[in-house]
Amino acid sequence: MSEGDSVGESVHGKPSVVFRFFSRLGQIYQSFLDKSTPFTAIRWVMTLGLSFIYMIRVYILQGWYIVTYALGIYHLNLFIAFLSPKVDPSLMEDSDEGPSLPTKQNEEFRPFIRRLPEFKFWHSATKGIVVAMVCTFFDAFNVPVFWPILVMYFIMLFCITMKRQIKHMIKYRYIPFTHGKRKYKGKEEPTSGKPFSS
């Protein structure tokens, strides 16, 4: 391999202008993502706003129903991954190795670890909306379909998928929303007339 054959390098071994530009762009984008991480509510409000703008665009243009359907299926897939545990309890019930979800009241508390964390869920959902929005600018993606059939099919798919997910949650006794470990009060010491002295 010669000196200039590696990706992003010019003949003299220095990174090319294009590589540096995209590298810098990636750093700025990652910095924006890192700074937005603690602002969960603001991120989701922005995503819902972007989704609303997308729906208005599709309504005004009266087209791109296949793109919208694909976006809905993609979001449903992300939502199911968000609700699912990282380690599927149905795969772990035969083997004794690895962590498992508590099944009895007196078992140790284990937080719910998602297959798809909230930040990645938000990031993927937002990227999906942006890609769908870009697709609405190209007539090649405007496939003529009878949209009420797509809506009914999506509703049926959503109901069947959520029913299966809820049955899975009931069978393996997990709730995908935890807010930390429960706090138990210790035994209260009977107060005697004697004050504590050191």
Side-chain angles (χ1 to χ4, degrees), residues 22 24-89 101 110-170 172-182:
F22 283 111
R24 182 66 184 138
L25 198 64
Q27 289 172 351
I28 292 170
Y29 180 67
Q30 188 61 48
S31 173
F32 168 74
L33 288 178
D34 293 342
K35 289 176 184 174
S36 70
T37 302
F39 305 106
T40 307
I42 294 171
R43 284 189 284 117
W44 281 104
V45 165
M46 296 295 283
T47 299
L48 288 175
L50 190 63
S51 180
F52 185 68
I53 291 169
Y54 173 76
M55 287 187 282
I56 289 173
R57 179 165 173 76
V58 168
Y59 178 75
I60 290 171
L61 295 176
Q62 295 291 310
W64 288 271
Y65 301 120
I66 285 288
V67 173
T68 305
Y69 176 73
L71 178 65
I73 296 294
Y74 180 65
H75 282 175
L76 179 62
N77 188 20
L78 291 175
F79 186 61
I80 294 300
F82 177 71
L83 293 178
S84 300
K86 186 172 187 175
V87 179
D88 191 2
L101 296 171
R110 291 186 186 101
F112 183 80
I113 301 172
R114 302 176 187 285
R115 187 182 329 157
L116 181 69
E118 180 273 331
F119 184 79
K120 288 184 179 179
F121 177 36
W122 165 79
H123 189 231
S124 297
T126 306
K127 283 194 301 187
I129 295 168
V130 169
V131 167
M133 184 81 77
V134 169
C135 286
T136 62
F137 289 99
F138 299 99
D139 278 333
F141 297 109
N142 190 11
V143 179
V145 293
F146 187 58
W147 66 266
I149 290 177
L150 289 179
V151 171
M152 291 304 296
Y153 186 65
F154 179 78
I155 291 171
M156 284 180 13
L157 189 65
F158 178 80
C159 292
I160 291 168
T161 307
M162 289 309 295
K163 180 181 177 185
R164 190 181 71 209
Q165 185 67 27
I166 290 169
K167 280 184 177 180
H168 191 267
M169 288 163 54
I170 291 169
Y172 294 103
R173 298 182 183 144
Y174 66 90
I175 299 173
F177 304 104
T178 56
H179 297 289
K181 187 173 180 177
R182 290 184 187 161

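Numbers here are sequence positions counted from 1.
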For the [atom1] atom of [X] and the [atom2] atom of [Y], what is their distance to the nearest 0.5 Å?
X      : Y      : atom1 : atom2 : value
Ile66  : Leu150 : CD1   : CG    : 5.0 Å
Trp122 : Lys127 : CH2   : NZ    : 10.0 Å
Met169 : Ser84  : CE    : OG    : 9.0 Å
Asn77  : Ile73  : CG    : CD1   : 9.0 Å
Phe146 : Met152 : CZ    : CE    : 11.5 Å
Met133 : Met55  : CE    : CE    : 10.0 Å

* Once the angle between the rings of Phe141 and Phe138 is folded into 0 to 90°, is it parallel (under 30°), tilted (30 to 60°) or perpendicular (over 60°)? ->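 If you compare the ring of Phe141 with that of Phe138, the planes turn out perpendicular.
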* Asked: What orientation do Tyr29 and His123 show, parallel under 30°, tilted 30 to 60°, or perpendicular over 60°?
  ->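 Correct class here is tilted.
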* Asked: Will you find, in the side chains of Arg43 and Thr40, an N or O donor that is under 3.5 Å from an N or O acceptor?
  ->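 Yes.
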Side chains of [X] and [Y] in contact at under 4.5 Å (non-hydrogen atoms):
X     : Y      : answer
Tyr65 : Val151 : no
Tyr54 : Val67  : yes
Ile80 : Met162 : yes

* Asked: Counting only heavy atoms not in Phe52, do more than 12 sit closer than 6.0 Å to its CZ atom?
  ->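 Open.
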* Does atom CH2 of Trp147 have more than 12 heavy-atom neighbours, drawn from other residues, nucleotides or ligands, at distances under 6.0 Å? ->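 Open: at most 12 neighbouring heavy atoms sit under 6.0 Å from CH2 of Trp147.
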* Sequence neighbours left out, what passes side-chain contact (heavy atoms from CB on, under 4.5 Å) with Leu61? Give chain and number order. => Arg57, Trp64
* To do: With sequence neighbours left out, write down each residue that passes side-chain contact (heavy atoms from CB on, under 4.5 Å) with His75, or none if nothing qualifies.
  =>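 In terms of side-chain contact (heavy atoms from CB on, under 4.5 Å), with neighbours along the sequence ignored, His75 is linked to Leu71, Leu78, Ala125, Ile129.
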* Can you name the side chain to side chain donor-acceptor pair (under 3.5 Å) partners of Ser124, sequence neighbours left out? -> none
* To do: Considering non-hydrogen atoms only, spot the tightest contact between Ala81 and Arg115 and give its length.
  => O-CB, 3.5 Å
* To do: Please report the shortest heavy-atom distance between Phe82 and Arg114, naming the atom on each side.
  =>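 What the structure gives for the nearest pair is O-NH1, 2.8 Å.
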